[in-house]
> 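Encoded as structure tokens, here's the structure I'll be asking about.
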Amino acid sequence: MSYDYSSEGKQLELPNPYRVQNQLLGLCSVLLIVGALFCLWKGRESWLENQAMTGLVPVVIGVGLLLAGLTAASAVASRLRFFFGRGRPASLSFITPNGISSVVREIPNGSEGTGVDAEHIKDMLKQGVLAYPEPQGPLNGLLYHWVPHLITAPMRLQELARTHFFNLGALLITLLSFGVAYGLVRQPNLRPWLSLIYFGFAAAYLFRPLLSNQAASLNVPSVVGLVAGALLGPVAIGLLGPALPSLDGLSLTTQTLVLLITGLIAAVLVVQAILHQVESPPRTQTSSVQRRLSINCPPNQLMDELDRQLQEQWTEKIPNRRYIRVEPQIPFDQTTGSFQGETMEETQPMPIKSSAAPSIQAALESSRHRWITALDLYATGLVVIALVLVLYFVVHFDGHLAAINNYRSAGTATILILVAVFCQRTAHELWGRFDFESVVQWVEVSGTYQTGKVGTGHNMLSSRLQTENQVTRVEAMTLRVWRARLESVAFGKDAPRQVTALFSTEAEAVALADHLCEFGRAQSVLLAPTSMEDHARLSALGQAEGVLAAASPAVPGGALPGASALHALTSEAMGTPGPAQTQTEAQEAGAFRFCSACGHKTAIQARFCSACGAALNT
């Protein structure tokens, strides 16, 4: 993508939507880098004092913290400035009934055809509806019953809501199961085994999908297993207790509780942040105008005029996005036939104002951004706690690995940092929501045509201007105009853009249809010279005829007809007698004269014109 700068319009210069998250993430990166430098310094001293490889443990921790801090800093640096480049946002996308997302392809300017999946836009404009797939499953049924308006939310929001609501339920069930099972185990030496089992289950089936922003691998059999394990697990561990080896004080109870509780709180915040993005059901209204039109011009001229009208409506002088362009075909070798043409364009989507929070205080006051900010604050708090635990471990590190439990604080800090990463990643996607508005217009023409010839001018006199042209006659052509103002949303600059609302624009649709009808009826069927050069030459010919008429005594007081004038000019040039002969010579030669009123040729002795009845000059 390239960035286009224009000094005329500033609407595409959006405020940075990641400003709040950048501030908090920048604070985390500074803390992590400072903590990493402290760990590296302490690790250097520990290594020099102990002269053993175990002294490198603080160094390894310091390197890990430095990597995390620099990663956070690079993320902040890449989002300090926000540019909305050429071609953004993406074209419209639709969700088919089977849940598959399809993106409508654009037609390049100067090309013809129908964009892939453009039929979705036509169906949307015709029916005035937005289609959404029906949710499936018991948990989804509970979620959509709890939040009825979620069914009309953008599909990306619905996907996130379903995923994290499922994760929330899985973490809650696992935490309750672990609490019951831990309370039922009587032997203290067997509880480490129970903690180890639940920690492995939570890390493999719950936490790993949570970090990848996917639904937890928990289904009905897994829930049955958790419930049965909570009640029967302690009994089984009690029976196997004598045969189980001792874990020598290794206990993951704290880590298991931290994993489940912090993950549960994060899931609750994520679900709240997602549900507060859901708004009331949108409007779904479109405008449709139909006209019956008879014109004496090819229907392609209507399409050309439509192009001019659409270009005048370009937003910020940015060309429209063309999804359909089919020219009406009028073969020259056929005198009659049918035709059909259509075009569909969308104006440049413009961002809706006040969609980004400029500061933390403004974000906390906004219902849409309040819970996203809380999610980032929670992640920042987890990072601070994790850093405190790591520094406590490094300060009290004695250079030995004898006591495994001494590493509990380091393990707990690792879990907290991973949960913080999950919170910031989910918040980043929600911060990247952009709402746009645009206008889609679809015009369709269809009907039958006939071709013929139309001429004008006097066929008897060669001096009169005669024209003839081929005319395409269209009777009762159908002109349809569909128009709607769209509101769409995208989660990310390059993410698919989905329509969320339709608004009727009846007045604009009627005006466009009336303009096309007036343009078609105003087209002329007669061919006439229109250039300045044509006008100059015709004027010169008229002056020449006037001079000849004044010099001819045959028709006194009147202009010499065009044919006689040209003959006089030719005769004079060739040295032969012309129409300007004397009356006696003309009578002797059996000549004729012309009526001064209509120019009709009559006998020289006639007193009245046989064509118009006017009296002839004697």
> Check the angle between the aromatic planes of His164 and Phe422 and answer parallel, tilted or perpendicular using the 30° and 60° thresholds.
tilted

> In terms of side-chain heavy atoms, does Ser504 have a donor or acceptor partner in Ser287 at a distance below 3.5 Å?
yes

> Can you tell me how far CD1 of Ile352 sits from OG of Ser488, rounded to the nearest 0.5 angstrom?
7.5 Å

> Can you see whether Tyr144 engages Gln158 through a side-chain donor-acceptor pair at a distance of less than 3.5 angstrom?
yes

> Quick one about Arg156 and Gln498 (side-chain donor to acceptor, distance below 3.5 Å, no hydrogens or angles considered), yes or no?
no

> Thinking salt bridges, do Arg497 and Asp435 make one under a 4.0 Å N-O criterion?
no

> Strictly by ring pair (Phe, Tyr, Trp, His ring centres under 6.0 Å), give each pair with a member in residues 292-325 just once, sequence neighbours left out.
none

> I'd like to know if Arg480 pairs up with Glu444 as an ion pair, taking the criterion as any Lys NZ or Arg NE/NH1/NH2 lying under 4.0 Å from an Asp or Glu carboxylate oxygen.
yes

> Measuring from Ile274:CD1 to Glu429:CD, what's the distance to the nearest 0.5 Å?
8.5 Å

> Judged by atom type as modelled, is there a donor-acceptor pair below 3.5 Å linking the side chain of Asp494 to the main-chain atoms of Pro89?
no

> Going from CG on Asp117 to NZ on Lys122, what distance comes out if it is rounded to the nearest 0.5 angstrom?
12.5 Å

> Whether Asp307 and Arg325 form a salt bridge (side-chain N of Lys/Arg under 4.0 Å from carboxylate O of Asp/Glu) is what I want to check.
yes

> For Asn320, which of Gln348, Gln313, Glu345 qualifies under side chain to side chain donor-acceptor pair (under 3.5 Å)?
Glu345

> Closer than 4.0 angstrom, basic N to acidic O: yes or no for Glu346 and Arg322?
no

> Please check if any side-chain donor atom of Glu106 sits under 3.5 Å from a side-chain acceptor atom of Ser91, or the reverse.
yes

> Give a yes or no on whether the backbone of Glu487 and the side-chain of Thr500 come within a donor-acceptor separation of less than 3.5 Å.
yes

> For the side chain of Thr373 and the backbone of Leu364, is there at least one donor-acceptor N/O pair under 3.5 Å apart?
no

> Using distance alone, with no hydrogens and no angle criterion, decide if Gln450 and Thr336 have a side-chain donor and acceptor under 3.5 Å apart.
no

> Got a sec, which residues hit ring pair (Phe, Tyr, Trp, His ring centres under 6.0 Å) with Tyr449, two or more places apart in sequence or on another chain?
none

> With a 3.5 Å cut-off and no angle check, do the side chains of Arg473 and Asn296 form a donor-acceptor pair?
yes

> Is it the case that Thr505 and Arg485 place a side-chain donor and acceptor less than 3.5 Å from each other?
no

> How long is the gap from OG on Ser366 to NE2 on His276, to the nearest 0.5 Å?
10.0 Å

> Is Arg483 salt-bridged to Glu506, going by a charged N under 4.0 Å from an acidic O?
no

> Should the pair His428 and Tyr18 be assigned to parallel (<30°), tilted (30 to 60°) or perpendicular (>60°) ring geometry?
parallel

> How would you list, by chain and number, every residue that makes a salt bridge (Lys or Arg N to Asp or Glu O under 4.0 Å) with Arg105, sequence neighbours excluded?
none

> Inspect the surroundings of CD in Glu112 and state if more than 12 heavy atoms from other residues, nucleotides or ligands are less than 6.0 Å away.
yes

> Evaluate Glu342 against Trp442 for side chain to side chain donor-acceptor pair (under 3.5 Å), listing each step before the verdict.
CA-CA 7 Å; Glu342 58 181 337; Trp442 173 33; 2.9 Å; yes

> Find the distance between CZ (Phe519) and CG (Asp514) and round it off to the nearest 0.5 Å.
15.0 Å

> Quick check against the 3.5 Å criterion: does Ser74 have a side-chain atom that pairs as donor or acceptor with the backbone of Thr71?
yes

